[in-house]
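Here's the structure we're looking at; comments come further down.
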Amino acid sequence: MAASLEELLAHLNPAQREAVTHGDGPLLIVAGAGSGKTRVLTYRIAYLLWRGVPPQCILALTFTNKAADEMRQRIMTLVGAHHAQRLWMGTFHSIFARILRAEATRLGYTADYTIYDTDDSTALLRLILRQMGIGSHVLEPTAVRHAISRAKNQMLSWQELAASATTPRERLLAQLYQEYDHQLRANNAMDFDDLLLNTIRLFQSFPEVLQRYQERFRYIFVDEYQDTNRAQYVALRLLAERYRNLCVVGDDAQSIYRWRGADIRNIVEFQRDYPDATLIRLEQNYRSTKRILALADVLIRHNRYQIPKRLWTDNPEGEPATLLICADERDEATCIAEQIQRECAHGRSYSDIAVLYRTNAQSQALEDACRRAGIPYVLVGGISFYQRKEIKDALAYVRLLVNPADSVSWLRVLNVPPRGIGATTIEHLRTAAQTWGCTLWEAMQRCDDIPALRRSARDTLHHLVALVRRFRDALGSQPLDIVVLEYLEATGLLAHYREQDDDEERYRNLERFVATLAEYTEQSPTPTLQEYLQQIALLSETDQAPAASNAVTLMTLHAAKGLEFPVVFITGLEQGLLPIGRAVNVPEELEEERRLLYVGITRAQQKLYLSYAQSRRRWGEPMPTMPSQFLSELPSEELVVQQSPAALPVRLRIPASGISAPPQAGLRPGVRVRHPVFGIGIVESLSGNGQDCRAVVRFSTAGRKLLLLRYARLEVLE
DNA sequence: GACCTGCTGATTTTT
DNA sequence: TCAGCAGGTC
């Protein structure tokens, strides 16, 4: 064992070795892109195990479940399965969900609590808005969800939100937050943010529980620390308080989840929080060519707020990057497909190649082009299997088996398949539940006490109650997949989709759903429906990426985090797309967009392609575009420009769009815009070009104005 | 209560 | 462009 430890350390450079063999106490590892971060993490965990630290005392928090699985696999090859299996590894959400299962009753939930995903939260808010008589034109359910989630990520309660509210809108939001929380609790449900908040609440309210977990997690590791939010930060502080063995790994230059509440200050100010922390910088890049790294470095230097570091590599010089200038998104996709074929003709395989984009919507054209060219591809993310309508229906039924208090699920499937329970019946039920202060489920059981209900509705409700009860009882005695299959048949859901002749695919999906459940039942030593549901709820987009096959990978820049490919295409380098529209005039958001491009560039090992289209369809309508300002930040001599025959000839110097304000993407007559002084208005007409581009805008308060776009910082509201 | 149709808003990224 | 929703009709 000692020999292999020596051997292990021999594979590391001095900085890596220092990190791996660091003793106790807080440790900050600033790991540049491609600097062997995962290797350091896995080796350090293996090192601790070698030194005799029990595996169950080590907690490693990763950004995705897939990352956790991969790390566990790698540790397994170092220390064997027995030890590796007992490590606590997973995302913040899945680890905390597990803790909360064990402690739920202390917080007034049962261990069977349901996890609401984004769609469920939105559905609940839509309900609440309707209940409170607020139309969707006043407040969008998704906007409310965002606001509440932002508050929760900053650990603000509805009381605090209400106390600090100054506008009627803010007061209303606080009220909605209160009602939302109330109903979640009544439904025995938690949303994603609650998994973090409730864990903190648990630790703060029950010191003995906190102490137990502090003792258990003597060594804590956090990967991608730059993307943790306030709540995660607080939870970590609590857990690490006793032993202070907190090792965080990250790269501030790769922080790309600000919009989700990630706070880059967590990593930048780690040393202030832990003054005795050791800082180790991993600056040698093992991934990319010198040229790719230089390009990334030049770009990121335009950002102000960052930890100073210098990334270098011993790798070869490599080829310069290629910039593809294309006519429109279809042409862009075709050019990329051609380029892919050319790369493959020179000995690359499809799986060496990734095509990255800013928004999921961009995948459409790329998929079409791949299909036309006969290029095999895998799409990461997008609409996942578990978000399909028929699967969500089935999941709702299954969730009710575990937690019948879940009203959101009841309201989803009460009348699926149609069984004569319409809006009126549902309204009676909800009113009754409200009057009695009980759940929908309890109201259903007491439906005989609701005089307004018709006889047939009552019969149906009784039938449903009996059905759920019967299959709940069956759960313990038979294999899960068998029970669920019979249950879904008994609900009529399977027949419903089976008999829809026009849409056989939906029924097939349901079959697949039952098949995955069967697979889970076989593989898990102690299968429970509740654990299965939790796994699905906390599955990330990238977790669902199919295993490596010989295919090109298509995904968003966000999904590419942590991955690497010999050849990388980054598409849509256009003002308003990358950087995305609303970020253009917000310095912090612009910096995040720049980091996003940085992440993309640093995924490439050998060859990088960038591309933009001169026109792009938005809402099905072609719109002229401007090249991304980021292109003007890159040294033009490092880019080989390749114009598509279909593209309009351009001067090879890319206009520095930061200086001469171009017509903004999306700006056209009829569009709503916001002006910093005049407020919201509607564009009536556009005239002039380049520096002299003007717009006539009619503002609701300030009237009609002629604005020189160079000066007026108009924000397109769509 | 079921079904049809026309309108609207979505395109930022996701645990 | 299109899916999902609201509102209207049978």
Side-chain angles (χ1 to χ4, degrees), chain A residues 61-67 90-97 115-119 121-123 126 130 135-137 140-143 145-146 149 152-153 190-196 224 227-229 231-232 255-262 329 356-365 380-384 387-389 415 417-426 454 456-457 460 534 536-544 555-561 572 576-584 589 592-593 595-596 599-600 616-623 665-666 672 716-718:
Chain A
L61 296 161
T62 57
F63 199 70
T64 62
N65 293 299
K66 196 172 145 219
T91 60
F92 274 93
H93 289 86
S94 59
I95 295 288
F96 286 6
I115 298 172
Y116 278 2
D117 68 13
T118 317
D119 287 348
S121 299
T122 310
R126 186 172 290 127
R130 205 179 304 156
S136 62
H137 51 280
E140 286 280 333
T142 49
R145 183 173 49 74
H146 267 121
S149 178
K152 284 186 173 181
N153 280 325
M190 300 189 200
D191 66 14
F192 287 144
D193 303 317
D194 287 338
L195 294 175
L196 306 180
E224 310 282 8
D227 282 322
T228 50
N229 64 29
Q232 290 165 330
S255 168
I256 53 174
Y257 283 93
R258 199 180 101 92
W259 52 274
R260 207 172 80 185
E329 75 281 349
L356 311 181
Y357 38 82
R358 180 64 180 84
T359 66
N360 275 312
Q362 288 168 258
S363 72
Q364 188 71 57
V380 178
I383 323 128
S384 92
Q387 280 173 343
R388 289 168 191 276
K389 185 173 168 292
N415 206 30
R419 46 170 79 97
I421 301 182
T424 322
T425 308
I426 289 175
R454 298 203 324 211
S456 62
T460 311
Q534 175 175 316
I536 289 174
L538 299 179
L539 211 60
S540 69
E541 299 288 319
T542 42
D543 288 338
Q544 293 171 55
M555 64 184 152
T556 63
L557 285 158
H558 282 88
K561 185 163 96 159
L577 189 60
L578 181 58
I580 201 91
R582 53 173 294 182
V584 172
E589 292 192 19
E592 175 140 315
E593 295 292 309
R595 290 193 294 265
L596 193 53
V599 166
R616 187 174 295 274
R617 268 172 196 281
R618 292 185 86 180
W619 316 280
E621 223 182 303
M623 298 290 300
R672 287 204 319 145
V716 176
L717 299 175
E718 314 295 40

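Proteins get letters first, then strands, A, B, ... in listed order; numbering begins at 1 in each. Note that these values count all heavy atoms, side chains included, but never hydrogens, waters or copies made by symmetry.
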What is the separation between atom [atom1] on [X] and atom [atom2] on [N], rounded to the nearest whole Å?
X	N	atom1	atom2	result
A:Glu140	C:dA6	CD	P	11 Å
A:Leu596	B:dT14	CG	C1'	13 Å
A:Phe63	B:dT13	CZ	P	14 Å
A:His146	B:dT13	NE2	P	10 Å
A:Phe92	B:dT14	CZ	C1'	16 Å
A:Leu356	B:dT12	CG	P	19 Å
A:Asn229	B:dT13	CG	C1'	16 Å

Exercise for the section: Not counting sequence neighbours, which residues clear side-chain contact (heavy atoms from CB on, under 4.5 Å) with A:Arg260? List them please. Expected result: A:Phe63, A:Tyr257

Completion exercise
Hits for side-chain contact (heavy atoms from CB on, under 4.5 Å) against A:Asn153, two or more places apart or cross-chain, chain-then-number order -> A:Ser149, A:Asp193, A:Asn229

Practice task
Spell out, as yes or no, whether a donor-acceptor pair under 3.5 Å connects the side chain of A:Glu329 to the backbone of A:Arg617.
Solution key: yes

Handout entry: Main-chain N/O of A:Ser255 paired to A:Arg595 side chain as donor or acceptor, under 3.5 Å
Key = yes

Exercise for the section: Using a cut-off of strictly less than 4.0 Å, decide whether A:Thr118 has a side-chain nitrogen or oxygen near OP1 or OP2 of B:dT15. Expected result: no

Exercise for the section: Please check the phosphate of B:dT15 (OP1 and OP2 only) for any side-chain N or O of A:Ser94 closer than 4.0 Å. Expected result: no

Practice task
With the side chain of A:Thr91 defined as its heavy atoms from C-beta on, choose the nearest nucleotide among B:dT14, B:dT12, B:dT15.
Solution key: B:dT15

Problem - Options B:dT15, C:dA6, B:dT14, nucleotide nearest the side-chain atoms of A:Ala559 - result: B:dT14

If you take atom types as modelled and just measure distance, does the side chain of [X] reach the base of [N] with a donor-acceptor pair under 3.5 Å?
X	N	value
A:Arg617	C:dT1	no
A:Arg260	B:dT13	no
A:Trp259	B:dT12	no

Completion exercise
Residue pair A:His93/A:Arg358 against DNA chain B: nearer the 5' end by closest nucleotide is A:Arg358

Completion exercise
Across all chains, not counting sequence neighbours, the ring-ring contact (aromatic ring centres under 6.0 Å, His included) partners of A:Tyr116 are none

Practice task
Under 4.0 Å between any heavy atoms, over every strand shown, what does A:Asn360 touch: base, sugar-phosphate, or nothing? Just pick one.
Solution key: sugar-phosphate

Practice task
Give one of base, sugar-phosphate or nothing for A:Thr424, where a contact means two heavy atoms less than 4.0 Å apart.
Solution key: sugar-phosphate

Tabulate atom names and distances for all N/O pairs under 3.5 angstrom spanning the protein and nucleotides 2-4 of chain B.
{"residue": "B:dA2", "atom": "OP1", "partner": "A:Gly420", "partner atom": "N", "Å": "3.1"}
{"residue": "B:dA2", "atom": "OP2", "partner": "A:Asn415", "partner atom": "ND2", "Å": "3.0"}

Practice task
With sequence neighbours excluded, tell me which residues meet side-chain hydrogen bond (donor to acceptor under 3.5 Å, both in side chains) with A:Arg616.
Solution key: A:Glu332, A:Glu574

Handout entry: Results of side-chain hydrogen bond (donor to acceptor under 3.5 Å, both in side chains) for A:Asp191 - residues two or more places apart only
Key = A:Lys152, A:Tyr180

